[in-house]
Amino acid sequence: MSRLLHRDTVPPVPAAELTARSADGSRIHVELHGPEDAPAVVLAHGWTCNTRFWDAQIRDLAADHRVIAYDQRGHGLTPEPGPGGYSTNALADDLEAVLAATLGPGRRAVLAGHSMGGMTVMAAAARPGLREHAAAVLLCSTGSTRLAAEARVLPLRAGALRTRITTAVLGAKAPLGPVNPVSRKILKYATMGAGSAPDRVDACARIVHACPRRARVEWGHVLAELDLAAGVRELRVPTAVIAGTDDRLTPPVHARAIAAALPVGLGLTELAGMGHMTPVEAPEAVTAKIRELVTRYVATGTAAERKAATAEKEDVA
């Protein structure tokens, strides 16, 4: 059985929790896992999800990393914002707030964003907070523009009609209802690969169906109009990209375009048969890529920083 469930049916217990304050005063719920002085990883989840989406990564990485996971505004334990509080600028503000609240001056981390979490990183690409704290980035199953036009959830030929209907679906106000065999089948078709294990489908369904309707609708409107192509060009840190070959929400065409436009691209990994929910569908692959980035871009620097800090303390003594 998957590492996400079985022994992992109980969510990882954070070492600490805190509230970050965003630029507009919004409160952002943050979980801290693992040793405080270990190499840091920041996890940003996607649309309709929450920190539980990263449970497999948290369980693995927290043994020897400082894992920072937060609920996007309106999701999980982060309250819904006030009027005008849904925008890509707000996503960037929130990420900066989380980085400032959890990482000391100059401390760098690997930032991993799935779907809207990846869009969050792209939206913040030119922000001082990201440039100070991001050592490397992993973008999972995401896109920067033309989401409604490229989505293949609807079995229609690409064109204006499919785009209009997809846009309407993204902003649909109808409740998702309870998790049941029908809703699980729909979610699997729309967001996961055909071979996804039932326990992983169920885990994703429970996370998605727990998302408040207003947040789902408001962020759906933002995604329908998304244009972060400029953010991709501003992402001037080493960046790797992961995508599922069977992703209907953000098909691989997005990942290929992002990988080609990145200033410091580390290449694209396409996971055969996987859908949109790659951190849940292929947790080992996603976690391995995060570890690879930490080893290459953070761990050495962290050791050097510790050595310098120790030397400084000894000199003062």
Whether Ser141 side chain and Met277 backbone form a donor-acceptor pair below 3.5 Å: no
Under 3.5 Å: donor-acceptor pair, side chain of His75, backbone of Asn50: no
From Ile58 atom CD1 to Thr51 atom OG1, the distance as rounded to the nearest 0.5 Å: 6.0 Å
Intermediate values then yes/no, side-chain contact (heavy atoms from CB on, under 4.5 Å), Arg131 and Arg236: CA-CA 8 Å; Arg131 292 190 170 180; Arg236 303 183 184 281; 3.9 Å; yes
Over 12 non-hydrogen atoms of neighbours within 6.0 angstrom of CD in Glu225: no
Summary of salt bridge (Lys or Arg N to Asp or Glu O under 4.0 Å) pairs that have at least one residue in residues 242-266, sequence neighbours excluded: Arg256-Glu270
Residues in salt bridge (Lys or Arg N to Asp or Glu O under 4.0 Å) contact with Arg27, at least two apart in sequence or another chain: none
Gln57 vs Ile290 side-chain heavy atoms within contact, under 4.5 Å: yes
Geometric class of the His114/His276 ring pair [parallel <30°, tilted 30-60°, perpendicular >60°]: tilted
Geometric class of the Tyr70/His45 ring pair [parallel <30°, tilted 30-60°, perpendicular >60°]: tilted
Side chain to side chain, Glu150 and His254, heavy atoms closer than 4.5 Å: yes
Distance-only donor-acceptor check, side chains Thr120 and Gln72, under 3.5 Å: yes
Salt bridge (Lys or Arg N to Asp or Glu O under 4.0 Å) partners of Arg206, counting only residues at least two apart: Asp202
Distance-only donor-acceptor check, side chains Asp94 and Ser22, under 3.5 Å: yes
Donor-acceptor contact present, side-chain Glu281 to main-chain Gly275, <3.5 Å: yes
